[in-house]
Amino acid sequence: MEKAKKVAIVTHVNADPDALSSACALHELVHSLNKEASIEVLVPEGIGSECKYIYVTCQKMNIKMDVIKKYHQIEDRAPCDVCIVLDTASLEQLRLLKNYVLKCDTIIIIDHHQFQDIGPLIKDRQVIYIGDGQSYSSTAEIVFEMLMKYNLSLNNIREIAEILLAGVLWDTKRFQRITRNTFHVVASMIDYGANYEEALKLIATERPSSNRIARIKCIFRHRGFKVRIKNSDIFIAISNVGAYESDCASTLITIGYDISFVITEDESLKAIRIVYRGREDVINSLNIDIYNEFVKKLIEVFGGGGGGHKAAGGAILRTYNIKQVVDQIIKILNSISEIGILEFVENKT
Ligand SMILES: [Mn+2]
């Protein structure tokens, strides 16, 4: 790192607060270790609206962030010595930056997800992996511990600790989902000057009306099923929307499903995106692993890649046929249910 001339810090597609705050913090870490290197933060496709205030904070720190929307923006760029990939469980999540990252001499992956396919896919390169998939609930926690380890006196450490705290708040859903390190690291962030109320404000969002419409469509289009696993009735929803698929998946859980799958056609990739959510208590008590029991099987059939946790995650599937994917999920449900599957049917008046 001390010798690198050109360093790229890359996040997953549509960076969320965890990814973006980690990228900015790491920019400052790398800069303090190596004043000569040119460092750029690259985000594929876009930055989520929930990142608006974190983005502004990073800009104030003079961090150069580049949103890469088209291939021509990176086609002619010289490859980097070091690429640091953040908060990304699958190579597919790098989208149009995938090949750019694969050209790097050294690739450092910093991530907290439980299921990853990113490491083994990168061959013939020096790959350093940081994060064990279970000790941290966000990438921000891992990055903050790295800052602590180097014991650097960064002059903007208070701002950095605060945006990283915002990243933790986002990924843990304000501490609803934590791991054993979370509170320990958060206490340390507060010691370094991060303010909890201010961090909450950093991720405040107003939902645009397109989000509301997507959630309404999600409900209209969904199919509901009952299966039995380990003698318990499990309610499962499958739906499809053009955007906001994570919100759709969470909405289906909120109305009472135990597991939800939401499918989206990805026009630019000519592929299908799928996200899943599960009710944490049900997933844990029945020891259901949605990624391995469903998503991995879909990847085996259609190709692609994915990542996530037991109760939340997603994948890209190499097909462009929603119906095939739905049929395949139903097939998997059938094979694991002890009573076959029952679909909820209602007549509309
Ligand atoms: Mn994350």
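Both counts, for ligands and for their atoms, begin at 1 and track the order of listing. Heads up: numbering here begins at 1 and tracks the sequence.
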If we only count heavy atoms from C-beta on, is the E92 to R318 side-chain gap below 4.5 Å? yes
By the rule that ILVMFWY residues connect when side-chain heavy atoms come within less than 4.5 angstrom, directly or transitively, which residues belong alongside F344? I219, F235, V241, L252, I255, Y257, V262, V275, L342
Please determine whether D16 has a backbone or side-chain N, O or S atom lying under 2.8 Å from the Mn ion (ligand 1). no
Once salt bridge (charged side-chain N to carboxylate O under 4.0 Å, His left out) is applied, do any residues pair with D327, and if so which ones, sequence neighbours excluded? K323
Answer yes or no as to whether an N/O/S atom of D18 is found below 2.8 Å from the Mn ion (ligand 1). yes
Counting backbone and side chain alike, does H112 bring an N/O/S atom below 2.8 Å of the Mn ion (ligand 1)? yes
Starting from the Mn ion (ligand 1), look over the N/O/S atoms of D171 and name the nearest one. OD2
Of T88, D87, D18, D111, the residue whose pairing with H12 passes side-chain hydrogen bond (donor to acceptor under 3.5 Å, both in side chains): D87
In terms of SG positions, are C80 and C104 separated by less than 2.5 Å? no
Identity of the N, O or S atom of D87 lying closest to the Mn ion (ligand 1): OD1
